[in-house]
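Dropping the structure in here first, questions after.
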There are 2 protein chains.
Amino acid sequence: MQAQAYALKSTAIRAPAIRNGVEDRDDVTLIGVAKTYHRECEIFGEGDAADFVYKVISGAVRSFRLLSDGRRQITHFYLPGDVFGVEFGKERRAGAEALSDAVVVVSRRSAVAADFDQSMRLWRQAVRELQRSEDHALTLGRRSATERIVSFLLDLADRLDADDEFELPMTRQDIADYLGLTIETVSRTMTQLQADRLIQLQGCRRVRFPRRGALEELCE
Amino acid sequence: MQAQAYALKSTAIRAPAIRNGVEDRDDVTLIGVAKTYHRECEIFGEGDAADFVYKVISGAVRSFRLLSDGRRQITHFYLPGDVFGVEFGKERRAGAEALSDAVVVVSRRSAVAADFDQSMRLWRQAVRELQRSEDHALTLGRRSATERIVSFLLDLADRLDADDEFELPMTRQDIADYLGLTIETVSRTMTQLQADRLIQLQGCRRVRFPRRGALEELCE
DNA sequence: CGGTCATTTGAACTGTATCAAAGTCGGTGG
DNA sequence: CCACCGACTTTGATACAGTTCAAATGACCG
């Protein structure tokens, strides 16, 4: 399907709290090994043993689930500062792959569990992540294509701490599989938003919000 | 919108573990007050303080979120034995209402927190519930109307410990708002499933699976 | 029985998918 | 340095699943 890639480089690292989001004094500092995963490289697969937890340093990661006929639903995107791979059971409920070349700190689950304070924070992060999928379900169940795209872009800008301009870390296909749309609908919708002067595109990855207020109105 | 109703009756009670699901030695015994909520009655609203946790004794409950124009997404249905209203933050992220007259045990959050073992179990239940919304997102993002209905019915039968016949505790509109469809599509799809001899309906609430295997194939 | 509310059915419409082709961009090798 | 390649994206034309609007039917309850 797509070019196969594999992990590179491994150095010991202490990954500090990065994101400066609103209430993130809840940030997790993972101690572990930094690994570089190349674009499209699998980090773990659905059903694997969940022995490690991860934190994105740079690049981005997607997690996803598949139906047996190949339809894919991307469940989350992870951006720099995000923790992922925290499972409550023993097995992975979703697979994870690097979107672009990504540097990730990998930490043994058992090692984290030893530190009560740390594992509390990790739990809270994981819960917050799960709560995002409730929001996601609302979007998938009840919003139009335009509303999905707009709320997605606004959310992404927010998580990237971007004010009104940022780089999309994923392809149109990834966006489509996250929003329950097709790649063509994503493309057309973004073209239309640009025609309506609600967003500006420079190349297909760089997005600017010339009038954020108007965008926000579109999906409240 | 709909007939207003209100809570009735309050007696002290000890709500024992009910569901005999596969791995539910994880069941929670809430000690609190039994309340009866009438059909369509609000149990709590989005944004309320989350001071109580609940367990369904009989009847059923829905939780939901609204868009500002009134579109509704039902996030979960709670059946006898289910715990609900466990929040990780201080505020309700969704509203909850009784589907039918429902008996519910209400317990102060602070009271439960005192019992470590108990609150652990409560947490795990809440996490499992949140994980369900990841499954839900897959369904909403990537399955057809027929697949949604079939997987919904199978899941419901399972949770009701029904073998091949059970009573739907909710209206077509509720099913529609859970599955991201319209009431007409739900109705037509069920009629079609019946015509295909994949389900049998007696009245609009009683469902039977004459060939469960065939149903399961429809949504793997 | 009659009234109310939920459900089903029908007909027409529409948003999004599908299928197909053309355009863009970045990288690579000549 | 430039031309070509492959992957991704955009655009176009058409199809269709699911929605919308409207009306008929059915179920429940006093």
* **Whole-Å distance separating the CD atom of B:Glu184 from the C1' atom of D:dT25** => 15 Å
* **Whole-Å distance separating the CD atom of A:Glu40 from the P atom of D:dG6** => 18 Å
* Tell whether A:Gln173 reaches the base of D:dC8 with its side chain through a donor-acceptor pair below 3.5 angstrom. => no
* Considering just the side-chain nitrogens and oxygens of B:Thr185, establish if one lies under 4.0 Å of OP1 or OP2 belonging to D:dG18. => no
* Please confirm whether A:Arg62 makes a cation-pi placement over A:Phe77, using NZ or CZ under 6.0 Å from the six-membered ring centre and within 45° of the ring normal. => no
* Distance below 4.0 Å between A:Thr191 side-chain N/O and D:dT11 OP1 or OP2 -> yes
* **Phosphate OP1/OP2 of D:dC8 contacted by A:Arg39 side-chain N/O (<4.0 Å)** => yes
* With respect to the side chain of A:Ile183, which nucleotide from C:dT8, D:dT10, C:dT7 is positioned closest? -> D:dT10
* Asked: Will you find, in the side chains of B:Tyr78 and B:Glu129, an N or O donor that is under 3.5 Å from an N or O acceptor?
  -> yes
* Pair B:Glu147, B:Ser144: side-chain N/O donor-acceptor within cut-off below 3.5 Å -> yes
* **Donor/acceptor link under 3.5 angstrom from A:Arg188 side chain onto base of C:dG15** => no
* Asked: In terms of side-chain heavy atoms, does A:Gln131 have a donor or acceptor partner in A:Asp135 at a distance below 3.5 Å?
  -> no
* Structure fact -> Between CD of A:Glu167 and C1' of C:dG26 the distance, given in whole Å, is 14 Å
* Structure fact -> note: B:Arg172, atom CZ; D:dG26, atom P; distance rounded to Å ~ 15 Å
* Once you round it to whole Å, what is the distance between C1' of C:dT7 and CG of B:Leu193? -> 16 Å
* Check the distance between C:dT16's P and B:Leu181's CG and give it to me in whole angstrom. => 14 Å
* To do: Rounded to the nearest angstrom, tell me the gap between atom CD in B:Glu147 and atom C1' in D:dG18.
  => 14 Å
* Asked: Heavy atoms under 4.0 Å, any strand shown: does A:Thr182 hit a base, just sugar-phosphate, or nothing?
  -> base
* Write down the distance between CD1 (B:Ile149) and P (D:dA17), rounded to a whole number of angstrom. => 16 Å
* Just one of A:Arg212, A:Arg208, A:Arg211 clears the salt bridge (Lys or Arg N to Asp or Glu O under 4.0 Å) bar with A:Asp164, so which one? -> A:Arg208
* **5′-ward residue of the pair A:Gly203/A:Arg142 relative to DNA chain D** => A:Gly203
* Base, sugar-phosphate, or nothing: which does A:Ser187 touch, judged by heavy atoms less than 4.0 Å apart? -> base
